[in-house]
A.B. asks: 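Dropping a structure here in structure tokens format, bear with me for questions.
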Amino acid sequence: METTMTTAVPKLTTLHPRISSNSFSLRFSLTFPAKKTALVKHTCSPSHIPLRVSASSQSQAAAEATKVSSIPSEMKACVYGEYGGVEVLKFDDKVSVPEVKEDQVLIKVVAAALNPVDAKRRQGKFKATDSPLPTVPGYDVAGVVVKVGNQVKELKEGDAVYGNINEKALEGPKQSGSLAEYTAVEEKLLALKPKNLDFIQAAGLPLAIETAYEGLERTGFSAGKSILVLNGAGGVGSLVIQLAKHVFGASRIAATSSTGKLELLKSLGADLAIDYTKENFEDLPEKFDVVYDAIGQCDKAVKVVKEGGSVVALTGAVTPPGFRFVVTSNGNTLKTLNPYLESGKIKPVVDPKGPFTFSQVAEAFSYIETNRATGKVVIHPIP
């Protein structure tokens, strides 16, 4: 029988990079002793490296599903009640499990990922259109369906799924995000997890691959065209390279990164890997049909685009003919790209510093805000 010792554990604990994963697991084991074994069992080490492939998706989903004998009314989550730096992040073990609307499913979160938008939201960069505080952050999720609304048509309990839980990134994103034990998501925003990928790899894909795909579509990118990708080793850039090559049929792909990531660019499909620490891409004699700026250098990007070409600017000031867009989450995009993922043509890139444990969320936020991450920053396990 579960013994609750709430008086021994403070409700809120400040998130801090120096908190060890052991102390965090032990803290929650006092209140949730039945889950202590599960936490230890699924603790991951930095041996998770980029392009790692899992053997059995079905067995993973089954193992995760068996943990949920009944859905609690409260859950553990990362929360902030005010905007600011990483110091506003807290742990709370008394957060209400979100209610499931008719078109939604409830997901037992296995892994979540951070994106630059998570940091901007926490900093209050779009507070005018944000949902009310307090906020459980997190857009990207991978996990197992444990409950379905009565209008859900395809997904069922036990399905392993992944997706970006917020249809509009900057317009009223969900108050209860993916950095929690459970999150409620509209069915239309989700897809079945690719069978060959584990939850860590899948969690890092949704927002980034949707952004990469939508940006390429908006430029009218098609077979035979050339593209330059700025920050090609980042979460979005690493996927732009692969989509341009394998889905859109690019004739030539160039990409920028620091010295140590040039070989990664080539392995992803770049024909020309440019070391931005040693050469200026804007001085290239070559011009491109599309420049995909995933770092914030639109003023330079427009200098290397062909006349009549397009420049996608995800961040920073926009210089014509550059344009910016805000991605729309769409499960159909993930379904369209699943065959490319399952065939291995497109590979998720997970930063080798991760996955970060749930107790390291503040550290993970600090890391992503350096703009030095390789691929995606993933949080796993979620208690």
A.B. asks: Is Thr256 close to Phe281 at the side-chain level, that is, under 4.5 Å between some pair of heavy atoms?
C.D. replies: yes
A.B. asks: Looking only at atom types and distance, does a side-chain atom of Ser96 sit under 3.5 Å from a main-chain N or O of Pro98, one as donor and one as acceptor?
C.D. replies: no
A.B. asks: Would Lys153 and Glu187 count as a side chain to side chain contact (heavy atoms under 4.5 Å, CB included) if you check the C-alpha gap in whole Å, the side-chain angles of each, and the deciding distance to 0.1 Å?
C.D. replies: CA-CA 8 Å; Lys153 298 177 181 178; Glu187 180 184 34; 4.2 Å; yes
A.B. asks: Shortest non-hydrogen contact from Leu189 to Ser329?
C.D. replies: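 Looks like CD2-O, 3.5 Å.
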A.B. asks: Quick check against the 3.5 Å criterion: does Gln123 have a side-chain atom that pairs as donor or acceptor with the backbone of Gly84?
C.D. replies: no
A.B. asks: Is a side-chain donor or acceptor of Thr333 paired with a backbone partner of Glu210 at a separation under 3.5 angstrom?
C.D. replies: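 No.
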A.B. asks: Using the rule that two of Ile, Leu, Val, Met, Phe, Trp, Tyr join whenever any of their side-chain heavy atoms come within less than 4.5 Å, decide whether Val236 and Leu268 are in one cluster.
C.D. replies: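 Yes; tracing contacts between hydrophobic side chains, which count when under 4.5 Å, links both residues.
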A.B. asks: Determine whether more than 12 heavy atoms belonging to other residues, nucleotides or ligands lie under 6.0 Å from atom NZ of Lys287.
C.D. replies: yes
A.B. asks: Which ILVMFWY residues are connected to Tyr276, directly or by a chain of links, through side-chain heavy atoms under 4.5 Å apart?
C.D. replies: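 So far as hydrophobic clustering goes, Tyr276 is joined with none.
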A.B. asks: Less than 4.5 Å apart, any side-chain heavy atom of Val86 and any of Glu369?
C.D. replies: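 In contact.
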A.B. asks: Give the intermediate values and the outcome of side chain to side chain contact (heavy atoms under 4.5 Å, CB included) for residues Lys278 and Thr259.
C.D. replies: CA-CA 8 Å; Lys278 297 179 180 178; Thr259 309; 4.1 Å; yes
A.B. asks: For the atom pair CD1 (Ile200) and CG (Leu197), what is the distance rounded to the nearest 0.5 Å?
C.D. replies: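 Taking CD1 in Ile200 and CG in Leu197, the distance rounds to 11.5 Å.
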A.B. asks: I'd like to check Phe356 versus Val377 (side-chain heavy atoms, cut-off strictly below 4.5 Å). Are they in contact?
C.D. replies: yes
A.B. asks: Could you go step by step and tell me if Asp275 and Lys261 meet the salt bridge (charged side-chain N to carboxylate O under 4.0 Å, His left out) rule?
C.D. replies: CA-CA 9 Å; Asp275 185 344; Lys261 300 176 183 179; over 6 Å; no
A.B. asks: List the steps, then state whether salt bridge (charged side-chain N to carboxylate O under 4.0 Å, His left out) holds for Arg252 with Glu286.
C.D. replies: CA-CA 11 Å; Arg252 180 165 172 79; Glu286 187 176 358; 2.6 Å; yes
A.B. asks: Is there a donor-acceptor pair under 3.5 Å between the side chain of Asn280 and the backbone N or O of Asp283?
C.D. replies: no
A.B. asks: Between Thr183 and Lys174, do the side chains contain a donor N or O and an acceptor N or O under 3.5 Å apart?
C.D. replies: no
A.B. asks: Would you please indicate if the ring centroids of Tyr213 and Phe248 are separated by under 6.0 Å?
C.D. replies: yes
A.B. asks: Would you call Lys188 and Glu167 a salt bridge, using N to O less than 4.0 angstrom?
C.D. replies: yes
A.B. asks: Closest approach of Ser178 and Val109, non-hydrogen atoms and distance?
C.D. replies: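 The pair with the smallest heavy-atom distance is O-CG1, 3.5 Å.
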A.B. asks: Please report the closest heavy-atom contact between Lys120 and Thr315, naming both atoms and the distance.
C.D. replies: NZ-OG1, 3.5 Å
A.B. asks: Check for me, please, whether Leu230 and Leu265 land in the same ILVMFWY cluster - side-chain distances under 4.5 Å, paths through other members count.
C.D. replies: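 As far as the 4.5 Å side-chain criterion goes, Leu265 and Leu230 are not connected within one cluster.
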A.B. asks: Looking at side-chain heavy atoms only, is the closest gap between Val161 and Val105 below 4.5 Å?
C.D. replies: no
A.B. asks: If we only count heavy atoms from C-beta on, is the Leu179 to Pro137 side-chain gap below 4.5 Å?
C.D. replies: yes
A.B. asks: Could you tell me whether the side chain of Leu341 reaches within less than 4.5 Å of the side chain of Leu205, counting heavy atoms only?
C.D. replies: yes
A.B. asks: What distance do Lys300 atom NZ and Thr319 atom OG1 have between them, rounded to the nearest 0.5 Å?
C.D. replies: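 Here the interatomic distance stands at 11.5 Å.
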A.B. asks: Take Lys127 and Asp130, measure what salt bridge (charged side-chain N to carboxylate O under 4.0 Å, His left out) needs, and give me the verdict at the end.
C.D. replies: CA-CA 5 Å; Lys127 65 174 69 176; Asp130 198 2; over 6 Å; no
A.B. asks: If you compare all heavy atoms of Asp289 against all heavy atoms of Lys306, which two are closest, and at what distance to 0.1 Å?
C.D. replies: OD1-CD, 3.3 Å
A.B. asks: Does a side-chain heavy-atom distance below 4.5 Å link Glu74 with Val97?
C.D. replies: no
A.B. asks: Rounded to the nearest 0.5 Å, what separates atom CD in Glu342 from atom CG in Leu192?
C.D. replies: 9.0 Å
A.B. asks: Tell me, with the steps shown, if Thr135 and Arg121 meet side chain to side chain contact (heavy atoms under 4.5 Å, CB included).
C.D. replies: CA-CA 10 Å; Thr135 295; Arg121 182 186 184 190; 3.6 Å; yes
A.B. asks: Does Phe358 have its ring centroid less than 6.0 Å away from the ring centroid of Phe91?
C.D. replies: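 Yes, ring centres under 6.0 Å apart.
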A.B. asks: Evaluate the criterion side chain to side chain donor-acceptor pair (under 3.5 Å) for residue pair Asn338 and Tyr162; output intermediate values, then yes/no.
C.D. replies: CA-CA 11 Å; Asn338 267 0; Tyr162 74 128; 2.6 Å; yes
A.B. asks: When hydrophobic residues are tied together by side-chain contacts of less than 4.5 Å, even through go-betweens, does Ile241 share a cluster with Val247?
C.D. replies: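 As far as the 4.5 Å side-chain criterion goes, Val247 and Ile241 are connected within one cluster.
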A.B. asks: Do you reckon Val318 sits in the same ILVMFWY cluster as Val326, going by side-chain contacts under 4.5 Å, direct or chained?
C.D. replies: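 Unlinked, Val318 and Val326 end up in two clusters.
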A.B. asks: Measure from the side-chain N and O atoms of Asp159 to the backbone N and O of Val145, and report whether any donor-acceptor pair falls under 3.5 Å.
C.D. replies: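 A pair under 3.5 Å: no.
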A.B. asks: Kindly compute the distance separating CD1 (Ile209) from CD (Glu214), expressed to the nearest 0.5 Å.
C.D. replies: 13.0 Å
A.B. asks: Would you call Ile346 and Leu239 a side-chain contact if the rule is heavy atoms closer than 4.5 Å?
C.D. replies: yes
A.B. asks: Counting only N and O atoms by type, is there a donor-acceptor contact under 3.5 Å from the side chain of Asp271 to the main-chain atoms of Ile253?
C.D. replies: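 Yes; at least one donor-acceptor contact below 3.5 Å.
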A.B. asks: Determine, stepwise, if the pair Asn164 / Asn166 fulfils side chain to side chain contact (heavy atoms under 4.5 Å, CB included).
C.D. replies: CA-CA 6 Å; Asn164 166 10; Asn166 294 309; 4.1 Å; yes
A.B. asks: Short question: side chain of Glu102, backbone of Gly149 - any donor-acceptor pair under 3.5 Å?
C.D. replies: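 It does not hold such a pair.
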A.B. asks: Please report the closest heavy-atom contact between Gly224 and Ser251, naming both atoms and the distance.
C.D. replies: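 Heavy atoms of Gly224 and Ser251 come nearest at O-OG, 2.9 Å.
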A.B. asks: When rounded to the nearest 0.5 angstrom, what distance separates CZ in Phe365 from CG in Leu114?
C.D. replies: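 One gets 5.0 Å once the value is rounded to the nearest 0.5 Å.
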A.B. asks: First locate atom CE of Met75, then atom NZ of Lys94, and finally report the distance between them rounded to the nearest 0.5 Å.
C.D. replies: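 Reported value, rounded in 0.5 Å steps: 13.0 Å.
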A.B. asks: Please answer whether the main-chain N or O of Asp293 pairs with a side-chain N or O of Gln297 as donor and acceptor at a distance below 3.5 Å.
C.D. replies: no
A.B. asks: Would you verify whether the NZ or CZ of Arg122 falls within 45 degrees of the ring axis of Tyr83 while also being under 6.0 Å from that six-membered ring's centre?
C.D. replies: no
A.B. asks: State whether the side chain of Ser131 and the backbone N or O of Pro173 hold a donor-acceptor pair below 3.5 Å, judged by distance alone.
C.D. replies: yes
A.B. asks: Is Phe126 reachable from Val327 through a run of I, L, V, M, F, W or Y residues, each pair having side-chain heavy atoms under 4.5 Å apart?
C.D. replies: yes
A.B. asks: Pick from Val240, Val305, Val312: which one makes a side-chain contact (heavy atoms from CB on, under 4.5 Å) with Ile227?
C.D. replies: Val240
A.B. asks: Please check if any side-chain donor atom of Thr357 sits under 3.5 Å from a side-chain acceptor atom of Gln360, or the reverse.
C.D. replies: yes
A.B. asks: Tell me the closest heavy-atom pair linking Thr211 and Leu207, and the distance in Å.
C.D. replies: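 For Thr211 versus Leu207, the nearest heavy atoms are OG1-O, 2.7 Å.
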A.B. asks: Is a side-chain donor-acceptor pair under 3.5 Å present for Lys376 with Asn115?
C.D. replies: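 Distance-only check passes for Asn115 and Lys376.
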